[in-house]
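Just so you know, residue 1 is the first one in the sequence shown, and it goes up from there.
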Amino acid sequence: LPYPRLRQQFQEEYQEYQESSSGQYVGIGVTVRLSQDGGAEITSVEETGPAYEARLQVGDLIIGANGQDVRSLELEGIVSLIKGEEGTKVVITYVDALTDTEDSVEVIRRTIESHTVESEWLETGIGYIQIKSFDGVTTEQFKTALEELKSEDLQGLIVDLRDNPGGRMDVVQKVTNE
């Protein structure tokens, strides 16, 4: 019967959703997109992550993971090779965006907390908060940013949701309540 297989598939998909919406994952701390030339172009690097410490940067093109060429893989396949168990090593082969040379670096995977909220002062009294997505970590990050802005003379606030793909409704409600 196909039902046990479907149940397992739904459980795996639900687990993937839970991980993707929590704002935490085990990996190297990069966001990537599929490159037209094959491989995965790094679009952001978490400043507290192991990829940042290994000097990987935005624009670098990942072409291999643990000796496997990833240029013919889809994005999901590349990401699955980069992610893994916490504390394990992955060797990333990449083309440096600045020098256009190929290099490899060993990176130890660890739990990464995504930074979904950025804030700053635009001018005296006007605060700015950008929410990149509504993940499990967003509520606390938003509260922290708002409190920092309120500690000064906050007279107006801009909350920027541009390019926000959405996320968890419970998080949206908590942020809105703030």
I'd like to know whether I126 forms a side-chain contact (heavy atoms from CB on, under 4.5 Å) with W121, so could you lay out the CA-CA distance, the side-chain angles of the two residues, the decisive distance to 0.1 Å, and finally the verdict. CA-CA 6 Å; I126 305 297; W121 285 102; 5.5 Å; no

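For E46 against Y52, the heavy-atom pair with the smallest separation is O-CB, 3.3 Å. In terms of heavy atoms, V32 sits closest to A40 at CB-CB, 3.8 Å. For the pair V30 and V45, the tightest heavy-atom approach, listed with the atom from each and the gap, is CG1-CG2, 4.2 Å. For V70 against A65, the heavy-atom pair with the smallest separation is CG1-N, 4.0 Å. Across every non-hydrogen atom of I112 and P50, the tightest pair is CD1-CD, 3.4 Å. When all heavy atoms of A51 and V107 are compared, the pair lying nearest together is N-CG1, 4.1 Å.
Atoms CD and OG, from E148 and S119 in turn, are 5.5 Å apart once rounded to the nearest 0.5 Å. We find the CD-OH distance between E102 and Y94 to be 10.0 Å, quoted to the nearest 0.5 Å.
Linking Ile, Leu, Val, Met, Phe, Trp and Tyr whenever their side-chain heavy atoms come within less than 4.5 Å puts L75 and I42 in one cluster.
Here R110 does not pair with E85 in a salt bridge; the nearest charged N to carboxylate O distance is not below 4.0 Å.
A donor-acceptor pair under 3.5 Å links the side-chain atoms of D96 to the main chain of T99, judged by distance alone.
You'll find the side chain of T101 stays beyond 4.5 Å of the side chain of V95, heavy atoms only. Residues T93 and D103 form no side-chain contact, since every pair of their non-hydrogen atoms from C-beta on lies 4.5 Å or further apart. At least one side-chain heavy atom of I92 sits less than 4.5 Å from a side-chain heavy atom of V105.
The side-chain hydrogen bond (donor to acceptor under 3.5 Å, both in side chains) pairs that include a residue from residues 26-43 are T31-S44, R33-E41, where partners are two or more places apart or lie in different chains. Identified under the side-chain hydrogen bond (donor to acceptor under 3.5 Å, both in side chains) test for residues 169-178, with sequence neighbours left out: R168-D170.
Not counting sequence neighbours, the partners of T88 by the side-chain hydrogen bond (donor to acceptor under 3.5 Å, both in side chains) test are R109.
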Extract all donor-acceptor atom pairs below 3.5 Å that involve side chains of residues 157-167 and protein atoms in other chains or at least two apart in sequence.
residue: D160; atom: OD1; partner: R162; partner atom: N; Å: 2.8
residue: D160; atom: OD1; partner: R162; partner atom: NE; Å: 3.0
residue: D160; atom: OD2; partner: Y128; partner atom: OH; Å: 2.5
residue: D160; atom: OD2; partner: R162; partner atom: NE; Å: 3.2
residue: D160; atom: OD2; partner: R162; partner atom: NH2; Å: 2.7
residue: N164; atom: OD1; partner: G166; partner atom: N; Å: 2.6
residue: N164; atom: ND2; partner: I131; partner atom: O; Å: 2.9

Which pairs of donor and acceptor atoms, one on a side chain in residues 140-147, lie under 3.5 Å apart (sequence neighbours left out)?
residue: Q141; atom: OE1; partner: T116; partner atom: N; Å: 2.8
residue: Q141; atom: OE1; partner: T116; partner atom: OG1; Å: 3.2
residue: Q141; atom: OE1; partner: V117; partner atom: N; Å: 3.3
residue: Q141; atom: NE2; partner: E113; partner atom: OE2; Å: 3.3
residue: Q141; atom: NE2; partner: S114; partner atom: O; Å: 2.8
residue: T144; atom: OG1; partner: E140; partner atom: O; Å: 2.9

Do any side-chain atoms of residues 54-64 form donor-acceptor pairs under 3.5 angstrom with protein atoms, and if so which ones, sequence neighbours left out?
residue: D60; atom: OD1; partner: A97; partner atom: N; Å: 2.8
residue: D60; atom: OD2; partner: Q57; partner atom: N; Å: 3.0

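Around atom CD of E76, no more than 12 heavy atoms belonging to other residues, nucleotides or ligands sit under 6.0 Å away.
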